[in-house]
Number of protein chains: 2
Amino acid sequence: MASHGVRGRSGGRPTLEEVAARAGVGRGTVSRVINGSPRVSDATRAAVEAAVAELGYVPNTAARALAANRTDAIALVVPEPETRFFAEPYFSDMLKGVGSELSDTEMQLLLIFAGSDRERERLAQYLAAHRVDGVLLVSVHADDPLPDLLTQLEIPAVISGPRSAAEPLASVDSDNYGGARSAVEHLLGRGRGRIAHITGHLAVYGAQRRVDGYRDALREAGHEVDEALIEPGDFTEDGGRRAMAELLRRHPDIDAVFAASDVTAAGAGQVLREAGRRIPDDVALVGYDDSAIARHMEPPLTSVRQPIEEMGRAMIDLLLTEIADRRPAASRGLERHQVVLATELVERRSS
Amino acid sequence: MASHGVRGRSGGRPTLEEVAARAGVGRGTVSRVINGSPRVSDATRAAVEAAVAELGYVPNTAARALAANRTDAIALVVPEPETRFFAEPYFSDMLKGVGSELSDTEMQLLLIFAGSDRERERLAQYLAAHRVDGVLLVSVHADDPLPDLLTQLEIPAVISGPRSAAEPLASVDSDNYGGARSAVEHLLGRGRGRIAHITGHLAVYGAQRRVDGYRDALREAGHEVDEALIEPGDFTEDGGRRAMAELLRRHPDIDAVFAASDVTAAGAGQVLREAGRRIPDDVALVGYDDSAIARHMEPPLTSVRQPIEEMGRAMIDLLLTEIADRRPAASRGLERHQVVLATELVERRSS
DNA sequence: ATCACTTGTGGGAGCGCTCCCACACTACCT
DNA sequence: AGGTAGTGTGGGAGCGCTCCCACAAGTGAT
């Protein structure tokens, strides 16, 4: 925290030039020391470092940004109103991962919300002005123009949750397919045979992958997939209620439900209970996200956990690589940068 | 969102100089138009604006920052780990106020967490490099060195919740004294005579002021203040439980409790119920913050609402003024900038 | 016609860095 | 002896702006 050194002796903050004079070297040499170049003799480096310490020199970021054409800052862009952001622990966990991974670097993290049109307009300006070296994009909708804007501006970006199998941007995702499979396999292992699936919003790629995982798990276990057991939801509690009611109407003999989110499972659970079904005795229930609600439900909900903090870390890794690659106009577009992290089934009493 | 214009015609982004050439004017004139100077004829302004639009010109912030010695960015510094930040709706509301007030300006808001030592170190560097024009400080502890650092670096700053009556920084606060008074007066008006107070963490100035308000309300109503009815808490639920247990032990005849926060009230309520006291029949309960928990308690909790969003707005106003004042080396330290906003008692069934 | 302002405009200087070329020096081959 | 690398260093040029001085042109009072 200390910030000693000779402040304001000659008016303002010391400049690189003053450090050079003090150390008896040239400007270039000081710049090399500051930036950790190896092409400096030990003696010179020591002299410069002493001068830096004595003067309390801190590089002027604006000058550096202007000369080097970089900002040493990246933005975490959240295309949602603040309220939703804060409501979900998802973001908080992700932020934790991002922050921890960034703490070894000089990079500064900016949090930018772009929920309203006005905020989006400002964000566009901000990006056009290249005020960040890269962007982390979380929870983007499939039709969001933001990713394209970033591509057009040639700003390195990493997206959490690709928008399709052909996502052009670098992306980090959890294994939705595998997560869904593990949930269904778990239910099969518990002897359940009539397993329904309430999907997430199918415009979201991850929701589609979960359906794929559901199907394949059943097929590979030798079951036929009954499409009538798949009911579209939208990740919400209300959607879960609607879907569950519909499923019960069509298939009163259901003995298990795999829901694409915990809140959806919560909604489904209510409807099941109202219909006199006991959980897990009559119907087993599995959710997705392993959120707080899963632990607090009655009975506690079996759920698929995504390694969100780790995803945050992976996003930073990818982004920093992209940024570094960009500098020497490197091999663009050769390898697609897609990271997929494993999920984990957390078993509780609902199944 | 549109970002049309001729991109990359001559390699990179267009510069001010190119805009000037295109519009057939000098650099200075373009700068004046961009910055909204009135000393430009209408015809010239129109020509420049056309050129700006055609070229898709966006000012280079780094160059501007370097030349003008300002960054057009302010930081909201949260000296807490992210988790706590997200847990409390307080911050989300404040952010909303800050964001809305800022949306009319060119200022960019950065969110910086400084919970760990490492993060603090980075923040110190960041501030020393003057990467922001001003700082908003929320939830600072009395012994935090951050405010002094800001003063020393001569960075304009506004603090939410002054650390003492003699807070040197500009500050915005809600009327803790008045809020406490209104709570106690409300209880008195309901015919309660033995009113206890579970305080907040007394190292927090606002908590002290609430105690003052409690005392004065009783005194002015002609009651004697029984110091044994004041039990120190720490804003937490657990603190509320402990304090309530202690109060019941000392004063089984209490008929009302004013708690310094809603969670404290929740803790107190549990203990009261376990002791067989009915709320509000036997003991009336009033909290502070009007948080979500207040609405969801059984019975719903009467609570003192603070205008948090408005506080956020007021902080930005103060900060922008400070920043503007600083520019022409203005009258420093003459008037203390302290804003205190009124609270509102929200009556519910607990009292 | 002269002076004194006001208004609008152009462009030099300079903000504090990084990049890179030039150069001195050493070390080790032919 | 000459050549060829490699290493460490200094400093010019330039990044894209803002600031401010200089100056042209217009306006109105004397």
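Chain identifiers are assigned alphabetically (A, B, ...) following the order of the sequence lines, protein sequences preceding nucleic acid strands; residue numbering begins at 1 within each chain.
For B:Arg163, the salt bridge (Lys or Arg N to Asp or Glu O under 4.0 Å) partners two or more places apart in sequence, or in a different chain, are B:Glu167. Take B:Glu49 and apply the side chain to side chain contact (heavy atoms under 4.5 Å, CB included) test, not counting sequence neighbours, and it matches B:Val33, B:Arg45. Under the salt bridge (Lys or Arg N to Asp or Glu O under 4.0 Å) criterion, B:Asp104 pairs with A:Arg118, not counting sequence neighbours. Looking at residues two or more places apart in sequence or on another chain, you find a side chain to side chain contact (heavy atoms under 4.5 Å, CB included) between B:Glu17 and B:Thr15, B:Arg27. Qualifying side chain to side chain contact (heavy atoms under 4.5 Å, CB included) partners for B:Ala65, counting only residues two or more places apart in sequence or in other chains: A:Ala62. For the side-chain hydrogen bond (donor to acceptor under 3.5 Å, both in side chains) test, residues two or more places apart in sequence or in another chain that qualify with B:Ser41 are B:Thr44. Partners of A:Ser37 by side-chain hydrogen bond (donor to acceptor under 3.5 Å, both in side chains), not counting sequence neighbours: none found. Not counting sequence neighbours, A:Asp143 has no partner by the side-chain hydrogen bond (donor to acceptor under 3.5 Å, both in side chains) test.
For the contact set between residues 30-39 of chain A and DNA chain D, defined by any heavy atom under 4.0 Å, the members are A:Arg32, A:Arg39.
Distance CG/B:Asn60 to CG/A:Leu66: 6.0 Å, rounded to 0.5 Å.
Mapping B:Gly28 and B:Ala67 onto DNA chain C by nearest heavy atom places B:Gly28 at the nucleotide closer to the 5' end. For the pair A:Asn60 and B:Gly26, nearest-nucleotide mapping onto DNA chain C gives the more 5' position to B:Gly26.
Where DNA chain D meets chain B (any atom under 4.0 Å from a heavy atom), the bounding nucleotides read 5' to 3' are D:dG16 to D:dC20.
Direction of the helix axis in the helix from C:dA1-D:dT30 to C:dT30-D:dA1 shifts by 50° between the two five-pair termini, rounded to 10°.
Listed by first then second residue, pairs satisfying salt bridge (Lys or Arg N to Asp or Glu O under 4.0 Å) with a partner in residues 312-321 of chain B read B:Glu309-B:Arg313, not counting sequence neighbours.
Among the atoms of the strands shown, base atoms are found under 4.0 Å from some heavy atom of B:Arg27.
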